[in-house]
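First comes the structure, then the notes that go with it.
From a predicted model like this one, the values you see are computed outputs, not experimental measurements.
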Amino acid sequence: MADNKARPIAHYIHRTSYSFQEKLVGFFVLAAAVILLALLFSMLKKQNIFEDYFVIYGRLNSAAGLSRETTVQISGFEVGGVSNIEITDKNDIRLTLSI
């Protein structure tokens, strides 16, 4: 005689095997999210969104060797940078420093 007992059906939570495609899609979604967050954080940090700063203006007779990428250092510590260099009507150099 055949046993008519129904075999218990496994609940969907107990399914542990994922297909290779599901794992691959999950990996790419997670990688894209991590890259997006890293780029967003890097962009905001580069624009000094997370830091307080103030602007100082200075006038010089000569600005040899200065550029917008020049950093401002106090006692060997980087505290800011040159944000703008202008030549005035009196042939002076006007620096804008963000510290």
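Residue Leu30 holds its CG atom at 10.0 Å from CD1 of Ile35, rounded to the nearest 0.5 Å.
In the hydrophobic cluster analysis, where Ile, Leu, Val, Met, Phe, Trp and Tyr join through side-chain heavy atoms closer than 4.5 angstrom, Leu60 is grouped together with Ile99.
Residues satisfying the side-chain contact (heavy atoms from CB on, under 4.5 Å) criterion with Ile85, sequence neighbours excluded, are Leu66, Val82, Ile93, Leu95. Residues satisfying the side-chain hydrogen bond (donor to acceptor under 3.5 Å, both in side chains) criterion with Glu69, sequence neighbours excluded, are Ser67. Every residue two or more places apart in sequence or in another chain was checked for a side-chain contact (heavy atoms from CB on, under 4.5 Å) with Phe27, and none qualifies. The side-chain contact (heavy atoms from CB on, under 4.5 Å) test applied to Val25 returns Val29, not counting sequence neighbours. With sequence neighbours left out, the side-chain contact (heavy atoms from CB on, under 4.5 Å) criterion links Glu86 to Asn84, Arg94.
Within 6.0 Å of CD1 on Ile87 lie no more than 12 heavy atoms contributed by other residues, nucleotides or ligands.
Between the side chain of Ser83 and the main chain of Thr96, a donor-acceptor pair closer than 3.5 Å is present.
Taking both residues in full, the closest heavy atoms of Gln73 and Glu78 are given as CG-CA, 4.1 Å, listed atom of the first, atom of the second, then distance.
Through side-chain heavy atoms spaced under 4.5 Å, either directly or across other Ile, Leu, Val, Met, Phe, Trp or Tyr residues, Leu36 is tied to no other residue. If you chain together ILVMFWY residues whose side-chain heavy atoms come under 4.5 Å of each other, Leu37 ends up in a group of its own.
At least one side-chain heavy atom of Met43 sits under 4.5 Å from a side-chain heavy atom of Leu40.
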